[in-house]
Amino acid sequence: MELLIKNAKVVDSSQNFQGDVYIKDGVINEIGIDLHKQCQVLDAKGNTLTPAFVDLHAHFRDPGYTYKEDIFTGSSAAVKGGYTTVNLMANTNPVCSSMDMVNYVVGKGNKIGLVDINQVVSITEGLRGESFKHLEAIDKSVKFISDDGRGVQDSNTMLNAMVKAKEKGLTIIAHEENEDIKDCDTRLAENLMTWRDLTLAKVTGVKLHVTHVSTKEALKDIIEAKKSGLEVTCDVTPHHIALTKKEDYKVNPPLREKEDIDFLIEAIKNNYVDAIGTDHAPHSKEDKEKGANGISGIETAFSVCYTKLVKEKGLSLNKLVEIMSKNPAKIMGVNKGEVKIGYKGDLVLIDLNKKYTVDCRNFKSKGKNSPFQGKEVFGEIINTIKEGKIVYSRED
Ligand SMILES: NC(=O)N[C@@H](CC(=O)O)C(=O)O
Ligand SMILES: [Zn+2]
């Protein structure tokens, strides 16, 4: 597969230049000005070309909840959002607690071929918060374990699971929520659990990734832990940096206060936030009406972040690309996230000046649940390219 992209404004975490990018055998082979090749040519027409995005946190719902999303609709939504790599959480039905389940999901994803799927295994078997014996049978292809959707409530279980994860070289993705406290104070529930897991990670030396950080107190503790040398990374969602609880939209963790948003954005600017994770959580209309938490967010993630962080708050596009591509690629251990020779030819062409109104009816995702419905945003994906193959084109 060969592809020459011409006349692009190339932006990654460390570069801005006008030029052409040539992809051969799935990999960036040559970068220059006025390149000529005998192959398929994509004229970027001066639009912005960045590395494709990498999502550390998404839910594609197969097996068990394919009426909310399936691997084809999830993959289609991902590439529409500029993503070619997704990390899928284990809260399916059955829960992903075995290699059979991992291979089932990854196999389906590969057959569809739109995005690279990495499947996360649960920390505790069946997300029941008790045994983690199933981790014995997990092989080297698994990178992360997470009970996302729930926190691991028992501290001794978490401690011992961390010891096991460290031994097996697995990174823990922590959903921080204390269930004893959450009904009276969701903020305290997040803060307590974040502090506990940072403390346990210090003791065990496990690699910890804290996902969907939403409060300034939790993030402050993560920053302190980073400063003290702990190997901890974190992500924030597009919705937690764009919306406050005034929006009154059900998602877990809940939307917070303006002060939290200000703190999160300041921390992004100061390099303490490693990544944007979408927490793409599609639900049916009926489930949403019954109170299901979650936002179908993978298709709007870039536009929401670009509008809020770059247009409104003056963040550089380089920095946004760093937290949407380079850093999450590094955390995932994939050779993506930079426009350099030898990196995977996973790129996204973006019309940055395009202003549009979010309309969930146009989502590729089965989940139309979005608090961004009707909101105006900037930055539309024109093409998503995976290993030199155009896997998404905007319909004009
Ligand atoms: N974030 C949510 O509100 N919901 C997620 C679970 C989760 O990530 O906590 C889901 O699976 O629906
Ligand atoms: Zn979660």
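First listed ligand is number 1; within each ligand, the first listed atom is number 1.
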Identify whether the distance between the nearest side-chain nitrogen and carboxylate oxygen of D274 and K226 falls below 4.0 Å. yes
Indicate yes or no for a side-chain donor-acceptor contact from D279 to the backbone of P238 under 3.5 Å, with no hydrogens or angles considered. no
List every atom of ligand 1 that sits less than 4.0 Å from any heavy atom of V251, numbering the atoms from 1 in the order shown and giving each element. 3 (O)
If you count the atoms of ligand 1 from 1 in the order shown, which ones are under 4.0 Å from a heavy atom of G149? 6 (C), 7 (C), 9 (O)
At less than 4.0 angstrom from any non-hydrogen atom of A281, what atoms of ligand 1 do you find? 4 (N), 5 (C), 10 (C), 12 (O)
From atom 12 (O) of ligand 1, work out which of M89, H212, E176, R61 has a heavy atom at the shortest distance. R61
the protein heavy atom lying closest to atom 5 (C) of ligand 1 turns out to be H59 NE2, 3.7 Å
Look at the rings of Y306 and F302 and say which category their plane angle falls in: under 30° parallel, 30 to 60° tilted, over 60° perpendicular. parallel
Can you tell me if H57 contacts ligand 1 (heavy atom of the residue under 4.0 Å from the ligand)? yes
Using heavy atoms and a threshold below 4.0 Å, how should the contact between K250 and ligand 1 be classified: side chain, backbone, both, or neither? neither
Taking the cut-offs as 6.0 angstrom to the six-membered ring centre and 45 degrees off its axis, would you call K80 and Y392 a cation-pi pair? no
Is N293 touching ligand 1 with its side chain, its backbone, both, or neither, if touching means heavy atoms under 4.0 Å apart? both
Assess whether atom NZ of K168 is packed by more than 12 heavy atoms of other residues, nucleotides or ligands within 6.0 Å. yes
List the closest protein heavy-atom neighbour of atom 9 (O) of ligand 1: residue, atom name, distance to the nearest 0.1 Å. H175 CE1, 3.0 Å
Same cluster for F363 and I298 if Ile/Leu/Val/Met/Phe/Trp/Tyr side chains link at under 4.5 Å? no
Would you call the rings of H212 and H57 parallel, tilted or perpendicular if under 30° counts as parallel and over 60° as perpendicular? tilted
When distances are taken from atom 1 (N) of ligand 1, the protein heavy atom at minimum range is D279 OD2, 2.7 Å
Which of these passes side chain to side chain contact (heavy atoms under 4.5 Å, CB included) with T357: K375, E376, Q373? E376
With distance as the sole criterion, is a donor-acceptor pair present between the side chains of D221 and T194 under 3.5 Å? no
Does ligand 1 come near enough to G294 that some N or O of the ligand is less than 3.5 Å from an N or O of the residue? yes
Quick one: angle D148 OD1 - the Zn ion (ligand 2) - H175 ND1, to the nearest 10°? 90°
Identify the closest protein heavy atom to atom 8 (O) of ligand 1: which residue and atom is it, and at what distance? D148 OD2, 2.7 Å
One residue to check: N91. Relative to ligand 1, which of side chain, backbone, both or neither has a non-hydrogen atom less than 4.0 Å away? side chain
Tell me, please, if H212 has any N/O/S atom, main chain or side chain, under 2.8 Å from the Zn ion (ligand 2)? yes
Report yes if some heavy atom in the side chain of L208 is under 4.5 Å from a heavy atom in the side chain of L198; otherwise report no. yes
Shortest protein heavy-atom distance from atom 3 (O) of ligand 1, along with the residue and atom involved: N252 N, 2.9 Å
Could you tell me which atoms of ligand 1, counted from 1 in the order shown, lie closer than 4.0 angstrom to a heavy atom of H283? 12 (O)
